[in-house]
J.: 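Following this message is one structure expressed as structure tokens.
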Amino acid sequence: MNKLVVIDGNSIIYRAFFALPPLTNSAGLHTNAVYGFTTMLLRLIEEEKPTHMLVAFDAGKATFRHEGYAEYKGGREKTPSELSEQFPLLKELLKAFSIPQYEREGYEADDIIGTLTRMADEKGMSVTVVSGDKDMLQLASEHVTVALTRKGISEVERFNPAHLQEVYGLKPMQIIDLKGLMGDASDNIPGIPGVGEKTALKLLQEYGSVEEVLAQADGIKGKMGEKIREHAEDARLSKKLATIFRDVPDVPAWDELSYSGFKGPTLQAAFRKLEFKSLLEKMDFGSSDAGGAEAEGAAETEALHVVTVDVSSLGELLEALPDIESIHIESVGENPHQAEVLGAAFYLTGEDGAGESRGYYMPIGVLLSEAAAPVRDWLADADRPKAMFDMHKAEVSLAWLGLPLRGVSFDVHLAAYLLDPTESALALDGLAAKYGLPALASDESVFGKGAKFSVPEQAKLAEHLCRKARVIHRLASLMKRDLEQGDMHRLYYDLEQPLSVVLAGMELTGIKVNGDGLRAYGQDLGSKLAGIMQSIYRHAGMEFNINSPRQLGEVLFEKLGLPVWKKTKTGPSTDAEVLEKLAPYHEIVKDILLYRSLAKLQSTYVEGLLKEIHPKTGKVHTYYRQTIAATGRLSSQFPNLQNIPIRLEEGRKIRQVFVPSEPGWFILTADYSQIELRVLAHISGDERLKEAFLNDMDIHTKTAMDVFGVTADQVDANMRRQAKAVNFGIVYGISDYGLSQNLDITRREAAQFIEQYFAVFQGVRKYMDDIVQTARNDGYVTTLLQRRRYLPEITASNFNLRSFAERTAMNTPIQGTAADIIKLAMVQMAQRLQAEGLKSRMLLQVHDELVFEVPPDELEIMKRIVPEVMEQAIELDVPLKVEADYGPTWYDAK
DNA sequence: TATATCACG
DNA sequence: ACGTACGTGATATAT
């Protein structure tokens with residue numbers, strides 16, 4: 001039994017686009033509509049089992065309908081770029097599905113479909129038409145079923161003439177009359193004003209057709225009759241426009257539409273290209289050769305020979321060790337300083353790359369046993385190369401067990417971050433799918449998550465970890481190629497990978513915290529807080545939870561009747577900016593501000609920090625995350641030591657508890673002065689900005705001089721403050737609104753500042769324009785060291801998304817290059833400390849600042865070499881400037 | 001688990 | 001006309 005499924009391509013892709021949330025692939029192309037189309041195709045093929053298929057598209061701008069009615073489809077919103085860019089993807093996908101497609105200049109998909117269904121009717125063939133457009137219902141017949149999408153695209157409703165009768169009480173051809181009477185706003189078909197679906201249906205029940213309604217119009221009473229008589233011509237035209245043309249010349253012949261299914265590997269390759277990870281998993285393309293350049297190893301069977309090694313059966317692994325290429329260290333817990341290491345998996349590729357591959361799993365207990373000493377030596381041997389996933393975490397967690405890790409030759413986690421720093425799913429299962437490798441079970445599916453987390457029985461664990469080690473091996477070669485292709489191999493090998501080792505060292509060293517001092521400070525805060533709390537309750541006339549923005553909001557805005565300044569999603573805002581504005585209205589407000597600031601210090605910095613002091617070392621050991629920030633910066637966790645208070649004196653005191661770990665030593669800090677603006681001077685090449693730094697001028701004063709057109713001694717504090725805000729704005733990717741908020745001035749005034757700034761710093765303006773254009777052309781921006789950030793939203797039609805991407809394009813090369821530079825300095829500094837045999841230790845990095853602990857006899861040399869290394873880390877067109885200071889605590893090194 | 005707030009560069 | 005400054009992490013509430 002032959003069966004044709006014909007799809008209204010334009011209609012379905014539109015529906016899919018609006019029904020699905022945005023989705024982009026790593027190249028930044030939107031793919032949501034194609035994804036929706038794909039799921040629909042898969043379901044149709046499954047359910048309808050077509051012997052013939054066709055996807056019809058609209059072609060060209062003008063159709064014959066425009067000849068009779070120029071306004072046809074007028075007033076339509078332009079197709080968003082996020083959708084139009086998906087048409088080529090869809091057409092490619094259809095090829096991969098082996099589904100015929102057809103379009104013809106001057107006709108719409110409707111007409112092509114109408115012609116095919118007419119022919120099928122004549123031959124008595126069975127057809128299903130798939131569309132989101134109700135007009136198609138006119139094609140329903142004995143042989144033709146019209147499937148209309150419902151609720152997005154997840155369901156269809158199938159109409160044959162009987163069902164149509166049931167739902168609308170109309171025969172198929174009466175759909176045209178319906179449209180003639182009610183019109184169609186989306187196609188700009190007028191119909192009769194005031195006649196909607198309800199009225200039109202009623203009229204058709206009574207008269208049967210547009211012609212009959214018009215003929216009897218004189219007998220229709222009231223306003224309705226009047227409108228009908230008045231718009232008779234509109235109704236006739238509308239009916240004509242709604243009529244699907246069923247005689248398109250040269251539509252494909254029946255045998256050209258025959259469909260015998262898709263080829264698994266071809267479709268799989270297409271899905272990979274589109275990065276349809278979930279479909280790749282769900283589809284189970286099996287182990288057949290997937291083809292495609294990225295499918296290295298995909299032909300290999302899924303099987304893996306896994307050996308769990310115990311103390312008495314070490315022999316085989318020891319023999320294999322020299323040939324092991326990748327390993328995986330599994331640990332439980334987010335914080336590697338406290339993580340429980342489960343064990344290590346070792347992967348061995350066979351000589352022929354296929355049949356001999358093996359995985360060995362060694363539980364941690366075995367690894368720590370006396371017999372496993374050769375394995376530990378191998379792990380610690382810098383000359384035994386091993387590929388890994390997240391060497392940083394592994395090194396730290398193993399170090400706490402006394403196990404050194406050296407000789408890591410490649411880290412696929414770190415590489416994945418460089419290849420796309422905004423990708424949040426950097427887990428191995430996702431990377432395997434992205435690179436078209438055979439599917440790997442997710443950690444969640446093996447361990448569970450949240451309360452259900454549990455370590456599976458050993459055999460299952462061994463299997464999973466060995467498979468991870470295998471994926472690491474396979475990914476390594478693919479990612480090396482991609483790093484090379486992106487010109488990021490030096491960034492990887494010369495900077496990020498060495499830095500990973502430096503960071504682990506800093507974290508393991510840790511920084512000493514004076515716990516008693518911290519507790520004493522907490523006591524002090526506690527009594528202050530108690531006093532303020534009482535004062536707040538007195539002013540409010542009631543007790544409530546000040547920490548709850550909701551309860552606080554009720555007190556301020558309902559009980560006390562203060563004005564609402566701005567709102568959050570859930571209610572009136574009570575943030576500091578609002579409270580500052582409300583301060584003049586009521587005494588309670590300044591108490592709340594004070595309470596907030598002290599409560600923050602108490603909870604985050606006193607209590608939070610106390611919890612993180614390691615009982616054995618008396619130090620805090622932060623964990624720098626090297627793969628989080630989209631710009632290339634580090635981030636710091638458990639605890640975050642990059643946001644210790646400094647701006648307000650009360651909070652700054654916290655720094656007094658950060659002390660050297662050895663008596664008599666000093667804390668030395670060194671920070672880059674204006675590194676981001678210096679970077680901007682370099683990459684923009686702006687002569688004025690460069691000159692300012694070459695002459696070591698105060699940059700904010702200099703900016704004020706140039707923007708306000710005054711001399712240095714005419715710049716007052718307020719002018720300098722404003723110039724400083726403009727400089728910040730420039731670095732962030734300036735907007736008049738943002739600047740106006742920051743300076744509390746009008747947008748007009750802010751816009752004028754910006755205009756004056758750009759008039760003076762024309763090189764900067766050119767940079768800003770150029771970088772945005774570069775982002776549009778390439779889809780990404782880069783830092784000085786070729787770190788890359790993709791900005792898919794740079795072409796969005798949504799103003800907000802696009803503007804955000806534009807500001808990011810301006811900011812990322814600046815912030816990211818600054819990050820590159822201090823990372824370089826860190827790697828060089830670590831080498832220098834070692835080369836000079838110094839006892840001083842690098843402890844912390846705070847974006848533009850490095851913190852060391854230094855013995856007294858090294859103070860002099862460190863004061864000299866730290867700034868020297870940092871300033872010479874890289875050569876720019878302007879000098880880098882570093883200011884260093886030291887003292888008995890971090891507080892004093894200012 | 002999401003939201004609001006606030007600490008840092 | 002659109003409505004926001006760039007990049008992070010920790011905490012307390014409320015769901």
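Order of the sequence lines sets the chain letters (A, B, ...), proteins ahead of strands, with each chain counted from 1.
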J.: So for Ser735(A) and dT4(C), does any side-chain atom that can act as donor or acceptor lie under 3.5 Å from a complementary atom in the base?
T.: yes
J.: Does Arg807(A) get its side chain close enough to the base of dT4(C), under 3.5 Å, for a donor-acceptor pair?
T.: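 Such a pair exists between side chain and base.
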J.: Any carboxylate oxygen within less than 4.0 angstrom of a Lys/Arg side-chain nitrogen, looking at Arg519(A) and Glu607(A)?
T.: no
J.: Touch check for Arg789(A), heavy atoms < 4.0 angstrom, all strands: base, sugar-phosphate only, or nothing?
T.: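 The residue Arg789(A) makes sugar-phosphate contact but no base contact.
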J.: Just checking Asn798(A): base, sugar-phosphate only, or nothing, at a heavy-atom cut-off of under 4.0 Å?
T.: nothing
J.: Suppose you measure atom P in dC6(B) against the same atom in dC2(C); what distance do you get, rounded to whole Å?
T.: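 Taking atom P in both dC6(B) and dC2(C), they lie 28 Å apart.
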J.: Got a donor-acceptor contact below 3.5 angstrom from the Lys559(A) side chain to the Ala540(A) backbone?
T.: yes
J.: So Leu641(A), base contact, sugar-phosphate only, or nothing? Heavy-atom distance under 4.0 Å.
T.: nothing
J.: Work out how far the P atom of dA5(C) is from that of dT5(B), and round it to whole angstrom.
T.: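 Approximately 14 Å lies between the P atom of dA5(C) and that of dT5(B).
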J.: Salt bridge check, Asp698(A) against Arg720(A): does any charged N sit closer than 4.0 Å to a carboxylate O?
T.: yes
J.: At under 4.0 Å between heavy atoms, which parts of nucleotides 2-9 of chain B does protein reach? Answer with one letter per nucleotide, 5' to 3': B base, S sugar-phosphate only, - none.
T.: -SSSBBBB
J.: Is the Lys NZ or Arg CZ of Arg789(A) less than 6.0 Å from the centre of Tyr780(A)'s six-membered ring, within 45° of the axis?
T.: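 No, Arg789(A) does not sit over the ring of Tyr780(A).
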J.: For a quick check of understanding: with a heavy-atom distance under 4.0 Å over all strands, which category does Gly729(A) fall into, base, sugar-phosphate or nothing?
T.: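 Base contact - Gly729(A) has a heavy atom under 4.0 Å of at least one base atom.
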J.: With the criterion set at under 5.5 Å between ring centres and under 30 degrees between planes, would dT4(C) be stacked on Tyr737(A)?
T.: yes
J.: Do NZ/NE/NH1/NH2 and the carboxylate oxygens of Lys581(A) and Asp744(A) come within less than 4.0 Å?
T.: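 Salt bridge between Lys581(A) and Asp744(A), a charged N being under 4.0 Å from a carboxylate O: yes.
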J.: Between Lys590(A) and Glu580(A), does any side-chain N to carboxylate O distance fall below 4.0 Å?
T.: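 Judged by the 4.0 Å cut-off on N to carboxylate O distance, Lys590(A) and Glu580(A) do not form a salt bridge.
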J.: Under 4.0 Å between any heavy atoms, over every strand shown, what does Asn742(A) touch: base, sugar-phosphate, or nothing? Just pick one.
T.: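 Base contact.
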